[in-house]
There are 2 protein chains.
Amino acid sequence: MTDLSIGELSRRTAVKVPTIRYYEQIGLLPAPPRTEGRQRRYGSDHVARLGFIRHARELGFEVEAIRELLSLSAAPERPCEPADRIVLRHLEGVERRIAQLELLRSELRHMLDDCRHGQVGECRIIQVLADHDLCRHEHGRMESGAPARHARRGSTRFPVMAGPDPAIPIR
Amino acid sequence: MTDLSIGELSRRTAVKVPTIRYYEQIGLLPAPPRTEGRQRRYGSDHVARLGFIRHARELGFEVEAIRELLSLSAAPERPCEPADRIVLRHLEGVERRIAQLELLRSELRHMLDDCRHGQVGECRIIQVLADHDLCRHEHGRMESGAPARHARRGSTRFPVMAGPDPAIPIR
DNA sequence: CTTGAACCTCCAGTCGCTAGAGATTGTACG
DNA sequence: CGTACAATCTCTAGCGACTGGAGGTTCAAG
Ligand SMILES: [Zn+2]
Ligand SMILES: [Zn+2]
Ligand SMILES: [Zn+2]
Ligand SMILES: [Zn+2]
């Protein structure tokens with residue numbers, strides 16, 4: 001029985017105190033015994049479980065996935081394939097995210113490269129934002145349908161955010 | 001005056017109806033005029049502005065950044081440098097995020113490679129999650145201090161989530 | 001004039017925390 | 001033993017950027 005206060009547990013696992021309480025609330029970390037004054041007291045098993053949770057969070061797993069991984073880890077003689085599938089699924093998500101961000105990165109770089117650093121009126125950044133068709137990347141085309149959107153070009157004129165105008169009824 | 005209903009605007013910009021109302025609520029899109037029955041009616045300037053917003057969101061800009069970009073784009077004769085700085089800042093964030101995710105990806109791949117696909121008890125995935133020191137990557141080391149954490153090895157034993165135990169006071 | 005799709009407002013929920021208010025407890029020092 | 005004060009407690013709200021639903025009203029076609 002190591003009998004740690006929540007602050008001690010926090011220091012040992014580098015998980016913040018409110019986060020520990022939050023994990024208890026969502027049922028990720030079991031409620032520990034309490035002192036007579038209802039303060040939490042943790043043992044080494046809690047340290048281990050919280051360490052697991054933290055590491056999994058650092059690796060980007062969602063709480064639901066961690067919940068499953070924890071419950072799987074409680075049955076050492078069962079096949080580990082469900083755990084592997086969770087990790088694989090997560091890896092695939094990470095890979096998709098990387099691919100997206102690489103597209104983003106290249107587009108942002110192009111925008112910066114193309115900008116002549118003059119006036120806003122000629123700034124490529126503003127132009128590209130205002131007109132999707134000037135864009136090199138392919139985002140947003142995935143939901144087909146909606147054919148032949150905007151072809152407006154040239155002046156970039158939006159309604160400016162002024163004070164809340166008095167909502168004049170029309171017709 | 002194109003005089004579009006919110007549904008029409010939604011179809012033309014591929015932004016969902018509740019999202020359009022949300023943008024109005026947070027002051028990103030100006031409140032349009034209304035019919036006598038208080039339904040919104042949009043013009044082509046709204047279409048353009050919402051298109052700008054959507055494109056910027058697709059490129060990952062935060063609403064605050066979009067707000068600034070929009071207000072910058074309203075002054076075409078001013079220098080575009082502030083806009084460029086916003087994009088550069090965003091690009092740097094994207095690059096940081098990519099680097100993080102690449103670390104994650106390599107660690108997840110290692111975990112899957114090392115797993116023998118046997119029982120949970122020998123699963124490398126579970127072991128690595130339970131013991132940070134088995135990990136190849138460097139995350140979480142950035143907050144120095146707290147030296148020489150866990151050295152527990154072998155059995156992975158956590159307190160299992162059972163029903164809420166009756167919180168026995170100790171000492 | 002009737003129908004029914006589209007619109008309205010308001011509110012709650014998402015995810016994983018984080019921060020605060022205001023009250024209570026634990027502990028170290030004198 | 002008394003006191004001070006840090007740490008803990010519960011409860012609630014907020015973040016960002018939406019998304020969905022309930023319950024009521026309006027528009028436009030037939
Ligand atoms: Zn520029
Ligand atoms: Zn684009
Ligand atoms: Zn395995
Ligand atoms: Zn690690």
Side-chain angles (χ1 to χ4, degrees), chain A residues 3-29 31-42 46 50 52-70 90 93 97 140 143 164 167 169-171, chain B residues 3-29 31-42 46 50 52-70 90 93 97 140 143 164 167 169-171:
Chain A
D3 238 32
L4 307 167
S5 73
I6 197 169
E8 260 303 301
L9 179 62
S10 169
R11 248 161 272 132
R12 298 205 190 190
T13 57
V15 176
K16 291 181 186 163
V17 168
T19 304
I20 296 172
R21 287 196 276 248
Y22 169 71
Y23 286 158
E24 179 181 325
Q25 189 190 308
I26 63 172
L28 209 53
L29 193 65
R34 306 276 189 127
T35 64
E36 287 182 33
R38 303 207 44 77
Q39 295 198 358
R40 294 167 177 86
R41 288 298 178 265
Y42 296 94
H46 288 96
L50 188 52
F52 187 106
I53 293 168
R54 187 206 163 200
H55 198 186
R57 283 296 299 136
E58 282 173 358
L59 288 169
F61 288 96
E62 298 178 2
V63 164
E64 270 321 299
I66 298 175
R67 214 186 285 280
E68 291 172 48
L69 288 169
L70 280 166
H90 181 44
R97 191 94 188 87
E143 334 86 333
I170 49 184
R171 58 175 279 164
Chain B
D3 238 33
L4 306 168
S5 73
I6 198 170
E8 260 303 302
L9 180 63
S10 171
R11 248 161 273 133
R12 298 204 190 190
T13 57
V15 175
K16 290 182 187 161
V17 168
T19 304
I20 296 172
R21 287 196 277 247
Y22 170 71
Y23 286 157
E24 179 181 326
Q25 189 190 308
I26 64 172
L28 207 54
L29 193 65
R34 305 275 189 127
T35 64
E36 287 182 33
R38 301 207 47 76
Q39 295 199 358
R40 293 167 178 85
R41 288 298 177 265
Y42 295 94
H46 287 97
L50 188 52
F52 187 107
I53 294 168
R54 187 206 163 199
H55 199 187
R57 283 295 299 134
E58 281 174 357
L59 289 168
F61 288 96
E62 299 176 3
V63 163
E64 270 321 298
I66 297 174
R67 215 185 284 280
E68 290 172 49
L69 288 169
L70 280 166
H90 181 44
R97 191 92 189 89
E143 334 85 335
I170 49 184
R171 60 176 279 168

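Here is how names work: the chains are called A, B, and so on, in the same order as the sequence lines, proteins then strands, and each is numbered from 1. Because only heavy atoms are used, hydrogens play no part in the values below, and waters and symmetry mates are left out as well, while side chains stay in. Keep in mind that what you see is a predicted model, and the values were worked out from it rather than measured.
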Check your understanding: Donor-acceptor pair, Arg57(A) side chain versus Phe61(A) backbone, under 3.5 Å?
Key -> yes
Point to revise | d(CZ, Arg34(B); C1', dC27(D)) in whole Å | key: 15 Å
Review point. Counting side-chain heavy atoms from CB outward, which of dC9(D), dG26(C), dC8(C) is closest to Thr35(A)?
Key: dG26(C)
Practice item. Verify the contact: side-chain N or O of Arg38(A) to OP1 or OP2 of dT8(D), cut-off strictly under 4.0 Å; return yes or no. Key: no
Check your understanding: Would you say Arg40(A) reaches dT10(D)'s phosphate, i.e. side-chain N/O to OP1/OP2 under 4.0 Å?
Key -> yes
Exercise for review: Would you please enumerate the stems DNA chain C participates in, each stem being three or more consecutive Watson-Crick or G-U wobble pairs with both distances under 3.5 Å?
Suggested key: C:1-30 with D:1-30
**Study point:** Arg41(B) side chain, from C-beta outward: closest of dA28(D), dC8(C), dT8(D)
**Key:** dA28(D)
Check your understanding: Between Leu29(A) and Ile20(A), what is the shortest heavy-atom contact and its length?
Key -> CD2-CG2, 3.9 Å
Check your understanding: Between Leu4(A) (CG) and dG26(C) (C1'), how many Å, whole number?
Key -> 15 Å
Check your understanding: Relative to the 5' end of DNA chain C, which residue comes earlier, Gln25(B) or Gly7(B), by the nucleotide with the nearest heavy atom?
Key -> Gly7(B)
Review point. Between atom CD in Gln39(A) and atom P in dA23(C), what is the gap in whole Å?
Key: 17 Å
Check your understanding: Under 4.0 Å between a side-chain N or O of Ser5(A) and OP1 or OP2 of dT8(D)?
Key -> yes
Exercise for review: Identify the heavy atoms of Gly7(B) and Val17(B) that sit nearest to each other, and give their distance.
Suggested key: CA-CG2, 4.2 Å
**Study point:** Nucleic acid footprint by protein, nucleotides 13-23 of chain D - heavy-atom cut-off 4.0 Å, B for base, S for sugar-phosphate alone
**Key:** ----BBS----
Revision key, fill the gap. Between Leu59(A) and His90(A) the two heavy atoms that sit nearest each other are O-NE2, 2.7 Å
Point to revise | Pairing residues for Glu24(A) by the side-chain hydrogen bond (donor to acceptor under 3.5 Å, both in side chains) criterion, not counting sequence neighbours | key: Arg40(A)
**Study point:** Partner set under side-chain hydrogen bond (donor to acceptor under 3.5 Å, both in side chains) for Arg21(B), not counting sequence neighbours
**Key:** none
Review point. Looking at residues at least two apart in the chain, or sitting in another chain, which of them share a side-chain contact (heavy atoms from CB on, under 4.5 Å) with Glu62(B)?
Key: none
Practice item. Please report the closest heavy-atom contact between Tyr42(B) and Pro32(B), naming both atoms and the distance. Key: CE2-CG, 3.4 Å
Study note, to complete from the structure: Residue set satisfying side-chain hydrogen bond (donor to acceptor under 3.5 Å, both in side chains) with Glu64(A), at least two apart, ordered chain then number -> Arg67(A)
Practice item. Mind calculating the distance between CD1 (Ile66(A)) and P (dG16(C)) to the nearest angstrom? Key: 8 Å
